[in-house]
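Notes follow once the structure below has been shown.
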Amino acid sequence: MYRSWLERDLKMWAAQGLIDAKTATVLLNEYDSRPSAFSVGRVLLIISALLFAAAVLLLVAANWEAIPRLVRLAGIIGVIWAAYFGGGALLARGAERLAAAFLVLGALSFGGAIALVGQMYHLSGDALQAALVWFGGTVAAAVLFRSGAVTVVAGFLAFVVSGTDWTQSYAADQMLLLWLMPLMAVIVIALARYTGAGRARHLGYLLLVAWLAFIYSEYSTATTAIAIVVFGAVAYLAAALPQSPLHAIARSAGSAPAFYAYLVLMLGLVVLHVEFDAVGERLAVGIVTLGAAIAGIALSGKENGAVRYLGYVAFAAETLYLASETIGSIIGTSGFFLVSGLVVAAIAWAVIALERRLASNEDKVEA
Amino acid sequence: MTRTRSFRLSPLVAALIVAVLQTAVIGYMVESRASILRNGADIRLKTSPVDPRDLLRGDYVILSYPISTIPSSIVAGDIPEDGTRARLSVRLKPDADGLWNATEARFEDMAPEEGSVILRTLPFIINTYGAGVLADTLFVQYGIERYYVPEGEGRALENARNAQELDVEARVSSDGTPQIARLLLRGEPVYDEPLY
């Protein structure tokens, strides 16, 4: 995404004579040479690793009886060893992209081996334990190889663990996921920081959001929803307020911590709208939501585009919701659409004015 | 985020550690089952029909046993709180035909007894209907409810199971975990399970 924007901008600047065409090419080449840059080849490599892994897993699913059990076992363990040593040898030579594909293949084959053993030896039950073991083995591989690609696999496996049927497990009790999900999220985020796999940390944050949803599904009360709102608000303020001691750490992780905390706050407010029936309560929630939207735009609007846009969306949705609840029944459908149109136009005008002001502020700072 | 890698294990050392670690995990899975088959106590269980009848999913047959339904009349001792998850210990004794049946069950550990084998169920949610009493029948699982078969062979086993002609021989570890040792069709062994 960024690359296509960059390419377009560079072309435009070259056409306007701001830079010469040669500089544009050099700049683009520099970007492409970064290891984190998106490249078609790299993506295709990972896809081919996934296809190989799928082949291994399908071999398992087919339960190929023609091959004796021990040979099948040795075969899949051989795939694991070959993948890790292939990846290791490629890393040693500096071929990071191809190595990443091998390591992903290794991590997925480990899961295939667990499934194969479970099936060949009729080990029914304990899918949770199997998923946890897979996650653990993948985390170990990500740490030891310091591999961003394997970190992404671990991030997805954290969701697999959370989604497995824990009624099929010997070890699980009902509180297990309550502490396991945040623990896995912390592990994934720490791994993402350690391996430099910046994007993988979103999986960790999303897992935390899913965890709160899980808590609410277990204890569906207004109190839980209020607790989630308060938690989201506190976490957001801790990440976004410059006075907060956590501000520096949160900023070092980019705009994500503040955004996800803000997302939790907003999701909590959405749930509260459902929990509260009385008019007064709903009005109170509506005012809190509008306040939270404005606070988000005011506090992090300048530095955090994601929070700003979520704030806009929340503000617009809440305004329309309040309009439909209050005057909607009085003025009829067509009248309501008219009012909605006016409201949206007013918000759009405010947003455009705000965006322009933010942009000119940035110019002033730079000048 | 900077791209400098301040510390990293030599990739081949990392490969060795990861490969050995993961192989050990797989080996442990295989061996934990093999050791139960080697040393576990023998029991023989009748299988029960499963409804709906077409439960052949992928390549495994779903097995159900008379001991999968525990009448609450044989449950002794304290009952856990409503809504919690618990495991039941079930004492099995053989009948005249050599088939093992549940004679006693408890939510606490049970003392071993000559001529009996204790099985532990998978955890399940206790429902006492807010009245502190169990339902008349408890439906439990032991982790031996699935048997993978070669493609296309599941149907015959299913029919036999539904005609009540299928028996299962299992071995039980001292902590109450069972593993399937072999399947018997009308008394004849059909799938003998080697250790490895």
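Sequence lines set the chain letters: A, B, ... in the order given, protein chains first and strands last, and positions in each chain run from 1. Keep in mind the model is a prediction, meaning the values are calculated, not measured.
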**Item:** Sole candidate of Ile17(B), Val13(B), Leu21(B) that passes side-chain contact (heavy atoms from CB on, under 4.5 Å) when paired with Leu144(A)
**Value:** Ile17(B)

**Request:** Locate the shortest heavy-atom distance separating Phe145(A) from Pro11(B); write the atom from each residue and the value.
**Result:** CE2-O, 3.4 Å

**Request:** Begin with the C-alpha distance, continue with both residues' side-chain angles, and end with the deciding distance and a verdict on side chain to side chain contact (heavy atoms under 4.5 Å, CB included) for Leu16(B) and Trp81(A).
**Result:** CA-CA 8 Å; Leu16(B) 184 68; Trp81(A) 281 70; 4.1 Å; yes

**Fill in**
Most contact-rich option vs chain A, by heavy-atom pairs under 4.5 angstrom, among Ile180(B), Val30(B), Val20(B), is Val30(B)

**Message:** Nearest 0.5 Å, please: how far is CD in Gln179(B) from OH in Tyr121(A)?
**Reply:** 11.5 Å

**Prompt:** Under a 4.5 Å heavy-atom cut-off, does chain B meet the side chain of Ile77(A), its backbone, both or neither?
**Reply:** side chain

**Prompt:** Does any heavy atom of chain B fall under 4.5 Å from the side chain of Leu91(A), the backbone, both, or neither of them?
**Reply:** both

**Message:** I need the minimum non-hydrogen distance between Gln22(B) and Ala141(A), along with the two atoms involved.
**Reply:** NE2-CB, 4.4 Å

**Request:** List the steps, then state whether side chain to side chain contact (heavy atoms under 4.5 Å, CB included) holds for Ile26(B) with Leu116(A).
**Result:** CA-CA 10 Å; Ile26(B) 302 296; Leu116(A) 180 77; over 6 Å; no

**Proximal component of Leu90(A), with respect to chain B [non-hydrogen, under 4.5 Å]** = neither

**Request:** Enter the distance from Leu73(A):CG to Thr23(B):OG1 here, rounded to the nearest 0.5 Å.
**Result:** 9.5 Å

**Request:** Evaluate side chain to side chain contact (heavy atoms under 4.5 Å, CB included) for Phe110(A) paired with Val18(B), printing each intermediate quantity in order.
**Result:** CA-CA 10 Å; Phe110(A) 177 54; Val18(B) 173; over 6 Å; no

**Asked** Looking at residues at least two apart in the chain, or sitting in another chain, which of them share a side chain to side chain donor-acceptor pair (under 3.5 Å) with Asn101(B)?
**Response** Asp95(B)

